[in-house]
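Down below is the structure, laid out as structure tokens.
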There are 2 protein chains.
Amino acid sequence: MEDDDFDLGLRLRALRQLNGLSQRELAKRAGVSNAVISLIEQNKSSPSVGVLKKVLAGIPISVSAFFSEDLTPRQKVFYRAEDLTEIGSGNISYRQVGRDLSDRALQILHEKLQPGADTGETLLRHESEESGIIVSGEIELTVGDQRKILKAGDAFYFDSRIPHRWRNPGAKEAVIISACTPPTF
Amino acid sequence: MEDDDFDLGLRLRALRQLNGLSQRELAKRAGVSNAVISLIEQNKSSPSVGVLKKVLAGIPISVSAFFSEDLTPRQKVFYRAEDLTEIGSGNISYRQVGRDLSDRALQILHEKLQPGADTGETLLRHESEESGIIVSGEIELTVGDQRKILKAGDAFYFDSRIPHRWRNPGAKEAVIISACTPPTF
DNA sequence: TAATAGTGTTAAGAATAATAAGCAAACGAG
DNA sequence: CTCGTTTGCTTATTATTCTTAACACTATTA
């Protein structure tokens with residue numbers, strides 16, 4: 001049932017020892033029994049996130065920091081598909097390559113627009129250039145006074161300073177992969 | 001039992017809907033029953049991390065990304081104590097302010113050295129300046145040909161290009177807060 | 001030696017989460 | 001309307017985790 005490359009037990013043990021805590025001491029701080037710590041560290045039980053929160057609070061470390069495997073994320077090069085960070089809301093999903101782009105020249109997004117999704121009345125504007133390809137579904141793109149419906153395989157390129165707007169007019173989900181430079185979105 | 005400000009159920013629901021999935025469809029992809037999704041989203045049950053992994057894999061999103069609340073971490077200003085990222089190993093714990101420092105001028109560390117901890121024979125060198133204060137315990141700091149034992153309240157400042165070495169000669173844990181600029185450590 | 005306190009581990013119940021199945025409401029098609 | 005489908009939610013049973021209490025081992029002390 002365990003297949004991920006992330007060894008939860010090992011990581012907990014490392015963090016606990018790194019902070020000079022015994023299983024019993026951590027257990028006391030966390031408000032759980034010492035057996036839990038032992039079993040978790042041996043991967044003999046998979047804690048509920050509630051319990052995990054309590055345990056990590058005793059170290060202390062946040063759940064977020066605990067799972068961020070990028071222990072030395074100085075120059076991260078590879079990102080697994082499911083590791084993209086969601087920065088969207090509503091019915092438009094933006095999955096971004098990397099988290100902090102302040103040092104980068106390029107922002108790559110994996111976008112998914114649900115049927116009817118719309119970036120809204122107030123048109124978008126930012127100081128950059130933007131380009132991408134439609135992967136599936138269809139998209140109505142408005143750039144300045146131009147408007148066109150793009151389908152899978154179609155692409156676009158425009159100066160982001162021109163007011164623009166996205167809409168999914170179809171009944172299916174639309175998927176886009178886009179790039180933006182510099183990342184001012 | 002739930003006290004954190006992180007609403008797991010709400011977040012799962014948001015991510016699921018953002019990707020246009022029903023509870024049943026997500027359940028099928030994840031290989032769990034639909035009731036699990038329902039109960040988790042209502043915060044009526046706290047999933048084990050094993051189950052959570054499976055569920056998130058069906059979206060898909062990594063556990064790491066799921067818990068990283070910094071959805072728009074563009075300019076993160078405040079960090080909770082337990083949110084510092086551990087970059088240490090062995091019996092020296094380095095908890096760093098922020099993850100990706102490639103755009104920053106300053107690296108701040110919360111260090112904990114277990115009794116006997118030592119940065120090792122081969123002395124450290126890097127292109128920056130370094131300073132800090134001992135919070136508790138005691139530290140033997142060697143910089144070039146100078147060596148001194150610092151106790152709580154003592155401080156240090158030196159050019160990191162000079163070979164240096166840390167050691168905890170005491171029987172108690174030693175805690176230091178240090179800064180490094182630029183962050184080349 | 002014996003005693004005491006520390007470590008991690010393990011085996012019983014008690015508490016909790018996951019499954020399978022069924023419920024009611026909303027929706028579109030015929 | 002009626003049918004079929006989908007939605008999310010709830011309940012009884014099964015499976016898992018958590019607690020309590022013990023065990024074995026080490027190190028220190030009397």
Side-chain angles (χ1 to χ4, degrees), chain A residues 1-4 6-59 63 66 90-91 114-117 170-173, chain B residues 1-4 6-59 63 66 90-91 114-117 170-173:
Chain A
M1 202 148 286
E2 279 300 325
D3 47 291
D4 226 81
F6 181 84
D7 189 330
L8 191 144
L10 198 63
R11 180 143 169 71
L12 176 60
R13 171 160 292 175
L15 283 170
R16 173 177 64 78
Q17 293 177 338
L18 212 50
N19 286 74
L21 300 172
S22 70
Q23 291 184 342
R24 282 183 153 84
E25 176 149 0
L26 175 54
K28 194 172 64 183
R29 294 193 189 188
V32 299
S33 69
N34 55 312
V36 182
I37 311 292
S38 177
L39 293 172
I40 292 175
E41 288 187 350
Q42 300 172 83
N43 286 317
K44 286 187 178 175
S45 95
S46 174
S48 74
V49 306
V51 168
L52 184 65
K53 270 184 192 167
K54 290 202 290 184
V55 171
L56 295 182
I59 291 192
V63 185
F66 181 81
N91 49 6
Q114 296 308 315
K172 293 194 334 179
E173 176 185 74
Chain B
M1 201 150 288
E2 280 300 326
D3 46 292
D4 227 80
F6 181 83
D7 189 330
L8 191 144
L10 198 64
R11 180 141 169 73
L12 177 59
R13 172 161 292 175
L15 282 169
R16 175 177 62 79
Q17 293 175 338
L18 212 51
N19 285 75
L21 300 173
S22 70
Q23 291 184 340
R24 281 185 157 83
E25 174 144 1
L26 175 55
K28 193 172 65 181
R29 294 193 189 188
V32 299
S33 70
N34 55 313
V36 180
I37 310 292
S38 177
L39 293 172
I40 292 175
E41 288 187 350
Q42 299 171 84
N43 286 317
K44 287 188 178 174
S45 96
S46 175
S48 74
V49 307
V51 168
L52 185 64
K53 270 184 191 166
K54 292 202 288 183
V55 171
L56 295 181
I59 289 188
V63 185
F66 181 80
N91 49 4
Q114 296 308 314
K172 293 195 336 180
E173 176 185 74

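Below, chains carry the letters A, B, ... as their sequence lines are ordered, and counting in each starts from 1.
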Just so I know, are the side chains of Val36(A) and Val51(A) near enough to count as touching, which here means a heavy-atom distance under 4.5 Å?
yes
Nucleotide dT17(D), atom P - distance to CG of Leu52(A) in whole Å
13 Å
Determine: side-chain N/O of Arg16(B) to OP1/OP2 of dG8(D), distance under 4.0 Å, yes or no.
yes
Sugar-phosphate only, base, or nothing, as touched by Ser45(A) at under 4.0 Å among non-hydrogen atoms:
sugar-phosphate
Does any non-hydrogen side-chain atom of Phe66(A) lie less than 4.5 Å from one of Ile59(A)?
no
Classify the nucleic acid contact of Ser22(B) as base, sugar-phosphate or nothing, counting any heavy atom under 4.0 Å across all strands shown.
sugar-phosphate
Measure the distance from CG on Leu39(B) to P on dT19(C) and round it to the nearest whole Å.
10 Å
Under 4.0 Å between a side-chain N or O of Arg13(A) and OP1 or OP2 of dT7(C)?
no
I need the Lys28(A) NZ to Asn34(A) CG distance, nearest 0.5 Å.
11.5 Å
Taking the nucleotide of DNA chain C with the nearest heavy atom to each, does Ser33(B) or Gln23(A) sit closer to the 5' end?
Gln23(A)
State which of dC18(D), dA21(C), dT20(D) makes the closest approach to the side chain of Pro47(A).
dC18(D)
Is any side-chain N or O of Gln42(A) closer than 4.0 Å to OP1 or OP2 of dT10(C)?
yes
Does Lys44(B) put a side-chain nitrogen or oxygen below 4.0 Å from OP1 or OP2 of dT10(D)?
yes
Quick one: Leu26(A) CG to dT9(C) P, roughly how many Å, whole number?
13 Å
Whole angstroms only, please: what is the NZ-P distance between Lys54(B) and dT16(D)?
10 Å
Answer yes or no: side-chain N or O of Arg24(A) and base N or O of dG8(C) forming a donor-acceptor pair under 3.5 Å.
yes
For atom CG of Asn34(A) and atom P of dT17(D), their distance in whole Å:
18 Å
Grab the CD-P distance between Glu41(B) and dA18(C) for me, whole Å please.
13 Å
Could you give the CD1-to-P distance, from Ile40(A) to dT16(D), as a whole number of Å?
17 Å
Taking the nucleotide of DNA chain D with the closest heavy atom to each, which residue, Ser48(B) or Glu25(B), is nearer the 5' end?
Glu25(B)
In whole angstroms, how far is the P atom of dA20(C) from the NZ atom of Lys28(B)?
15 Å
What heavy-atom pair brings Glu173(A) and Asn19(B) nearest, and what distance separates the two atoms?
OE2-O, 3.7 Å
In Å, rounded to the nearest 0.5 Å, how long is the span from CG of Leu12(B) to CD of Glu41(B)?
4.5 Å
